[in-house]
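Below: one structure, written as C-alpha cells.
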Amino acid sequence: MPYRAPLDDYRLLLTEVVGLDQVSATERFSEATPDMVDAILSEAGKMCEEVLAPLQRNGDLDPARLENGVVRTSKGFAEGYRAIAEGGWVAIAADPERGGMGLPMAVTSVVNEMMSAACLSLQLNPLMTQGQIEALEHHASREIQDLYLPKLISGEWTGTMNLTEPQAGSDVGALTSKAEPNGDGTYAITGQKIYISWGDNDFTENVCHLVLARLPGAVEGTKGISLFLVPKFIPDADGKPGVANDLKVVSLEHKMGLHGSPTCVMQYDGATGWLIGKENDGMRAMFTMMNNARLGVGGQGIGAAEGAYQHALAHALERRQGRSIHGYSIAAHADVRRMLMTMKADIFAARAIALSCAVAIDMTTATGDAAWKARAALLTPITKAFGTDTGVDVANIGIQVHGGMGFIEETGAAQYLRDVRVTTIYEGTNGIQAIDLVGRKMMDGGEAAMSLLDEIEAQAERAKAELPALAEPVWQAAEELRETTEWLVAESDMDNRFAGAVPYLRAFARVLGGHFHLCAAMAAPGTPRETLARFYIERLLPEHAALLEHARQGAGGLYAMNLDDLAA
C-alpha cells in the first residue's frame, strides 16, 4: 500500500515540541545533531516507502505458515528484513562498541513508527529484537553479551520474548515452565509458551528466545521466576549456530490480523539455556524488555493509525459522491472532514506523547536524573495505551471513511484495524497499563504527575498572550486533571482507583494532547498547525471532563449488580 513518511511532523515535534535539543545537548547523545537526525529519518523513511510499504498486503494475503516444522514467511519479507538489517535499523539505540548507532530512543521511536505504518507484521520482528538487546545489555553476563549482542544488533540473529503459557496470561506468576541445572552452568528448560511473536523465521541464522521459567525449589508467584536465554541453534566454539536445540514450533496461531507475523506455540523439551541476571530475579530483567516493548507497541499503534489515515485520505480525495460547496470529492463533506481531522489530530497527540516519553528515557540514560526517570515511568503506560487505542480508533474511522468499500477486503482498509487490534492486548493490556498508572506510578504521592501538570500550566500561561482562546482551555483541563489526581492519591481503597483507571489514563492523554497541540500552534502560528490545534482543543479535549467524572465514581457501582444479574 502506498505510504509517505510524515517527516515534517517528526521535525516539528522533535525540534519544537518534545525537546530533543535537551537530549543532543548531553555528552551521551552529543552526536545526535539536528542535521544527523534529519538525514537518518529521511533515509529510514525512504526505506519504509519503497521497500516495506509494498509488503503490507503480501503479509495479509500470503500469511506465514508452518510446513513440516519449518516456518515459511510471507512473500518478500526476507528481502524486507534484509533491508532493515543492512540499513542498521534493528539497533539504532544499541551500544556502538557492538555495532549499534548509539542514537537516542526518540530516533528509534520515529523509525519504528514509520516501519509500523509501512508494514506492521514485519516491523514486529525487529521490535522484539530491540527489547532483547536492551535486556541483555542490562542483565546478561559479559560472555553472553560478547557472543549474542553483535549478532542481534547486526540482524543476523533475531530475538523473542517468552512469557505467556496456556494457564498463565497476565498472571505471569502462574507459569509452570521449569529450569533444571545441568551442572555445567547451563540449564534444561522444559515447558510450553504461547503467543510468541516471530518465534521462528526462514531468513536469519538463529532465533534467540528469552524464556521465563522456575528453578527447583523456587517460591510460587513472580518472586520465584528466573530468565533464560535459549537459542534455536546452540552456538559452537566459534560463535556460529551449531547443533539444533531441543525446542520446536508446535503450531502457528490463526489470528484476526498480523497474518504476516508468525505467532508461535513454542515447546521446550530440556532445551539448553543460560541464566540471564540472578536466580529468581527474572521478572526484573524481563521488565527491561517489556518496558522497551511498551513504548514500541505504542508506536505500532500510532504507525498503524498513520497508515490507515493516509489510506482513508487518499480514498476521500478520489471518491466523488454528492456535491458540496467545498468540492466534489467526499473529503468536501462536513462529516467526512470531521473524521479526517479527528484522525489527524489524534495521531499528532499520540505521537507527541510517545516522543515525549522517549525523550524522558533518553534524558534518564544521559543524566541518571531521578526526575527524568519518574517522568519516563509515568508516560510509558499512557504512551502504550493511548497510542494503541488511537491506532484502533483511527483504523476504525478509516473504514467508515471508505463507506461500504471499507468493509470489502480488496480495498485494504480493514487490514489496518485487524492488524492493530492486538496491540491493545499484548505487552500488558491497556487496562493493566491504566492500573499501573493509578497504582505503581502514583506511589510517589503523585509527584511525577504534578510536576508534569506544573509544566503544562506554565506553558499555557505563556501562551495566553498570543493564543488565549487555546491556552485557557488547556490550563483549565490541566487544573481539573490535577484535582482528580489529588483525589486519586488520597484514595486508599485500590478498587476505587482501579475502577476509574482507564478513563483517568485517557483523560491524562487528552490533556497531554492539548498541551502538545498548543506547543505546536505556538511554534507555527497562523499555519495549519494552529488550525489542527484549534480543532483538537475545541472538539476533542473537552472529553476529559466526562472521563474525569467517570474516574472519580469509585468501584461501588461496579459491584452493585451481582454476577447472576449480569447473566440475566
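In this chain, numbering begins with 1 at the start of the sequence shown.
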- With distance as the sole test, does Glu16 use its side chain to make a donor-acceptor pair with the main-chain N or O of Leu12 at under 3.5 Å? no

- Task: Kindly say whether Thr411 contributes a backbone atom to a donor-acceptor pair with the side chain of His311 at under 3.5 angstrom?
- Result: yes

- Shortest non-hydrogen contact between Gln459 and Cys519, atoms and distance: NE2-SG, 3.5 Å

- Determine whether Gln553 and Asn496 make a side-chain contact, defined as any pair of heavy atoms from C-beta on separated by less than 4.5 Å. no

- Main-chain N/O of Gly296 paired to Glu427 side chain as donor or acceptor, under 3.5 Å: no

- Taken to the nearest 0.5 Å, the spacing of Tyr504 OH from Thr485 OG1 works out to 2.5 Å

- Message: If you define the side chain from C-beta out and look only at heavy atoms, does anything of Gln56 sit under 4.5 Å from Tyr416?
- Response: yes

- Query: If we only count heavy atoms from C-beta on, is the Leu379 to Leu295 side-chain gap below 4.5 Å?
  - Reply: no

- Message: Donor-acceptor check, side chain of Arg320 to backbone of Ser329, threshold 3.5 angstrom: yes or no?
- Response: no

Side-chain donor/acceptor pairs under 3.5 Å, residues 104-114, sequence neighbours excluded:
unit_1: Ser109; atom_1: OG; unit_2: Met105; atom_2: O; d: 2.9
unit_1: Asn112; atom_1: OD1; unit_2: Gln130; atom_2: NE2; d: 3.1
unit_1: Asn112; atom_1: ND2; unit_2: Gln130; atom_2: OE1; d: 2.9
unit_1: Glu113; atom_1: OE1; unit_2: Arg351; atom_2: NE; d: 3.0
unit_1: Glu113; atom_1: OE2; unit_2: Tyr10; atom_2: OH; d: 2.8
unit_1: Glu113; atom_1: OE2; unit_2: Arg351; atom_2: NE; d: 3.1
unit_1: Glu113; atom_1: OE2; unit_2: Arg351; atom_2: NH2; d: 2.6

- Message: Within this structure, what is the CH2-CG distance for the pair Trp372 and Asp362, rounded to the nearest 0.5 Å?
- Response: 10.0 Å

- Note on the structure: Residues passing the side-chain hydrogen bond (donor to acceptor under 3.5 Å, both in side chains) test with Arg418, sequence neighbours excluded, are Asp60, Glu409

- Message: Just by distance, no angles: are the side chains of Thr164 and Tyr426 close enough, under 3.5 Å, to form a donor-acceptor pair?
- Response: no

- Query: Does any non-hydrogen side-chain atom of Glu50 lie less than 4.5 Å from one of Tyr3?
  - Reply: no

- Heavy atoms only: give me the nearest Ala509-Tyr536 pair and the separation to one decimal. O-OH, 3.9 Å

- Task: Test Ile397 against Val401 for side-chain contact (heavy atoms from CB on, under 4.5 Å), laying out the working first.
- Result: CA-CA 6 Å; Ile397 295 171; Val401 171; 4.2 Å; yes

- Query: Sequence neighbours excluded, which residues qualify as side-chain hydrogen bond (donor to acceptor under 3.5 Å, both in side chains) partners of Gln22?
  - Reply: none

- Look up atom CE in Met442 and atom CD in Glu491, then write down how far apart they are to the nearest 0.5 Å. 13.5 Å

- Let me see the working for Leu7 and Ser42 under side-chain contact (heavy atoms from CB on, under 4.5 Å), right down to the final yes or no. CA-CA 7 Å; Leu7 297 177; Ser42 295; 3.9 Å; yes

- Message: Whether the Thr388 and Asn430 side chains hold a donor-acceptor pair (N or O, under 3.5 Å, no angle test) is what I'd like checked.
- Response: yes

- Check: Phe386 and Arg510 side chains under 4.5 Å, non-hydrogen atoms: yes

- Query: Does Val511 offer a backbone N or O that forms a donor-acceptor pair with the side chain of His515 under 3.5 Å?
  - Reply: no

- Message: Is there a side-chain contact (heavy atoms from CB on, under 4.5 Å) between Leu13 and Phe348? Walk through the geometry before answering.
- Response: CA-CA 9 Å; Leu13 281 165; Phe348 186 91; 3.6 Å; yes

- Query: Could you state the interatomic distance from CG (Leu548) to CZ (Arg552), rounded to the nearest 0.5 Å?
  - Reply: 6.0 Å

- Shortest non-hydrogen pair, Thr364 vs Ala376, comes out as OG1-CB, 4.5 Å

- Output, in order, the C-alpha distance, side-chain angles, deciding distance and verdict of side-chain contact (heavy atoms from CB on, under 4.5 Å) for Leu532 and Arg529. CA-CA 5 Å; Leu532 191 66; Arg529 302 290 182 185; 5.7 Å; no

- SG/Cys357 to CZ/Arg375 distance, rounded to the nearest 0.5 angstrom? 10.5 Å

- Message: Give me the atom names and distance for the closest heavy-atom approach of Gly387 to Ala350.
- Response: CA-CB, 4.3 Å

- salt bridge (charged side-chain N to carboxylate O under 4.0 Å, His left out) filter on Glu486, not counting sequence neighbours, yields none

- Task: Could you tell me the separation between the CD atom of Glu479 and the OG1 atom of Thr484, rounded to the nearest 0.5 Å?
- Result: 10.5 Å

- Item | Non-hydrogen atoms of Gly500 and Ala551 that approach each other most closely | O-CB, 3.5 Å

- Item | Any residue meeting salt bridge (charged side-chain N to carboxylate O under 4.0 Å, His left out) with Asp393, in chain and number order, not counting sequence neighbours | Arg506

- Query: Considering only heavy atoms from C-beta outward, does the side chain of Phe508 approach that of Leu547 to under 4.5 Å?
  - Reply: no

- Note on the structure: On a heavy-atom basis, the closest approach of Ala478 and Leu453 is O-CD2, 3.9 Å

- Item | pair Ile133-His138: side-chain heavy atoms closer than 4.5 Å | no

- Message: Going by salt bridge (charged side-chain N to carboxylate O under 4.0 Å, His left out), name the pairs with one or both residues in residues 377-390, residues two or more places apart or in two chains.
- Response: none

- Message: Quick one about Ser116 and Gln123 (side-chain donor to acceptor, distance below 3.5 Å, no hydrogens or angles considered), yes or no?
- Response: yes

- Query: Under 3.5 Å, side chain of Thr423 to main-chain N/O of Val420, donor-acceptor pair present?
  - Reply: yes

- Check whether any side-chain heavy atom of Leu512 lies under 4.5 Å from a side-chain heavy atom of Leu452, and answer yes or no. yes

- Query: Is the backbone N or O of Leu541 less than 3.5 Å from a side-chain atom of His544, with the two atoms forming a donor-acceptor pair by type?
  - Reply: yes

- Message: Ignoring hydrogens and geometry beyond distance, is a side-chain donor-acceptor pair present between Gln310 and Glu306 at under 3.5 Å?
- Response: yes

- Item | Within 6.0 Å of CD in Glu31, more than 12 heavy atoms from elsewhere | no

- Message: More than 12 heavy atoms of other residues, nucleotides or ligands under 6.0 Å from NZ of Lys464: yes or no?
- Response: yes

- Donor-acceptor pair, side chain of Arg294 and main chain of Thr380, under 3.5 angstrom: no

- Query: Hey, does the side chain of Gln433 reach the backbone of Gly428 with a donor-acceptor pair shorter than 3.5 angstrom?
  - Reply: yes

- Message: Please check: side-chain N/O of Arg534 versus main-chain N/O of Ala521, any donor-acceptor pairing under 3.5 Å?
- Response: no

